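Just so we're on the same page: letters track the sequence lines, and every chain starts at 1. Remember, predicted model here, so these are calculated numbers, not experimental data.
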Number of protein chains: 2
Amino acid sequence: MTYSIAEAAHRSGLSIDTLRYYERIDLIDPPARDSGGRRVYTDDDLGWLVFLTKLRTTGMPIKLMREYARLRRLGEGTAGERKRILEDHRADVLARIDELRSCVDVLDYKIDNYERVVAGACPPETGETTPWTLAHSAG
Amino acid sequence: MTYSIAEAAHRSGLSIDTLRYYERIDLIDPPARDSGGRRVYTDDDLGWLVFLTKLRTTGMPIKLMREYARLRRLGEGTAGERKRILEDHRADVLARIDELRSCVDVLDYKIDNYERVVAGACPPETGETTPWTLAHSAG
DNA sequence: GCTTGACCTGGAGTGCGCTCCAGCACCTAC
DNA sequence: GTAGGTGCTGGAGCGCACTCCAGGTCAAGC
């Protein structure tokens with residue numbers, strides 16, 4: 001299967017402009033062209049694009065994605081290095097998840113407090129221990 | 001307790017410039033000043049700053065933080081509205097966590113694959129089903 | 001009284017990751 | 001053969017969230 005740039009954009013969830021941008025900055029290899037000079041994307045191209053979106057979604061900076069793409073271009077010999085990049089990134093993502101979860105705890109606390117403020121005449125955040133430092137009655 | 005801008009920056013994890021920036025864009029109320037015109041932050045100020053960092057950490061855009069700050073300034077009557085903002089944001093954060101987790105699965109799959117490529121002569125990603133669409137042999 | 005250092009202001013600059021645009025080429029359908 | 005749709009290029013512009021800077025004030029210590 002091959003895809004026009006519009007189809008590739010649709011299937012990858014990226015915009016047409018972003019696809020061309022990714023090509024300009026060497027995140028993706030220049031795809032094949034048809035007789036009229038238009039880009040033709042293969043399933044492999046699409047797979048790589050989809051994987052790139054996973055890296056972006058998880059906050060990998062484009063610089064590092066470019067480095068990963070560079071290594072990939074160099075072939076199997078760079079597998080170890082690429083593995084290390086992904087492992088490091090995986091650790092970052094897990095840390096980020098933990099960070100988000102602890103922020104959700106704070107949100108839960110605040111929401112619960114608003115619950116009581118909205119429901120009754122109970123003054124906000126009285127007689128309670130706050131779940132984070134310094135933050136009593138401040139939100 | 002009160003704090004100089006340097007102390008407030010240190011304790012909130014924000015930079016001095018960011019504190020002044022947050023004040024300029026009405027995220028925080030102008031703090032008190034000492035006789036020399038220098039900012040003096042209270043524990044309450046600090047608590048609000050810390051809470052703001054939670055919202056930022058979880059990706060709330062500054063526009064929405066400003067809206068939340070505006071409502072907070074209007075007093076308890078806006079508690080319901082603020083609660084709704086936090087609830088919506090909480091849902092966003094939980095969705096984000098799920099998204100990250102599913103990306104971690106992809107990373108795990110790739111890392112596991114590299115494991116085998118690096119360890120032996122096993123050709124990459126052969127005879128396996130890929131965990132996401134279109135992405136065989138593409139990374 | 002002079003240096004030092006923290007802080008002040010208004011405004012300009014930065015880095016990131018796109019996003020948009022003008023002006024042109026090509027292919028298809030009518 | 002022409003109108004419309006899709007795509008091309010190089011380059012400019014944008015939104016966000018800061019970050020930096022010049023030129024100045026102020027208080028403390030020597």
- Message: Side-chain N or O of A/Arg39 versus OP1/OP2 of D/dG7: is the shortest distance under 4.0 Å?
- Response: no

Against the side chain of A/Ala6, the closest entry in D/dG7, C/dC7, C/dT9 is D/dG7

With the side chain defined as heavy atoms from C-beta on, B/Arg56 is closest, among D/dC18, C/dC7, C/dC16, to D/dC18

Within residues 88-102 of chain A, the residues having a heavy atom closer than 4.0 Å to DNA chain D are none

Separation of D/dA17 atom C1' from B/Leu55 atom CG, nearest Å, is 15 Å

note: A/Arg66, atom CZ; C/dC18, atom P; distance rounded to Å ~ 13 Å

Pull out every protein N or O sitting under 3.5 Å from an N or O of nucleotides 22-29 of chain D, one pair per line with the distance.
{"residue": "D/dC26", "atom": "O2", "partner": "B/Arg38", "partner atom": "NH2", "Å": "2.9"}

Sorted by number, residues from residues 18-26 of chain B placing a heavy atom under 4.0 Å from DNA chain C are B/Arg20, B/Arg24

Are [X] and [Y] close enough for a salt bridge, meaning some N to O gap below 4.0 Å?
X        : Y        : value
A/Arg96  : A/Glu99  : yes
B/Arg116 : B/Asp112 : yes
A/Asp26  : A/Arg70  : no

Original post:
Quick one: are A/Leu107 and B/Glu87 in side-chain contact, heavy atoms under 4.5 Å?
Top reply: no

We want to know whether [X] and [Y] form a side-chain donor-acceptor pair, criterion being a heavy-atom distance below 3.5 angstrom.
X        : Y        : answer
A/Asp105 : A/Ser102 : no
A/Tyr68  : A/Arg82  : no
B/Tyr3   : B/Asp43  : yes

Tested for salt bridge (Lys or Arg N to Asp or Glu O under 4.0 Å) against B/Asp108, the lone hit among A/Lys54, A/Lys83, A/Arg90 is A/Arg90

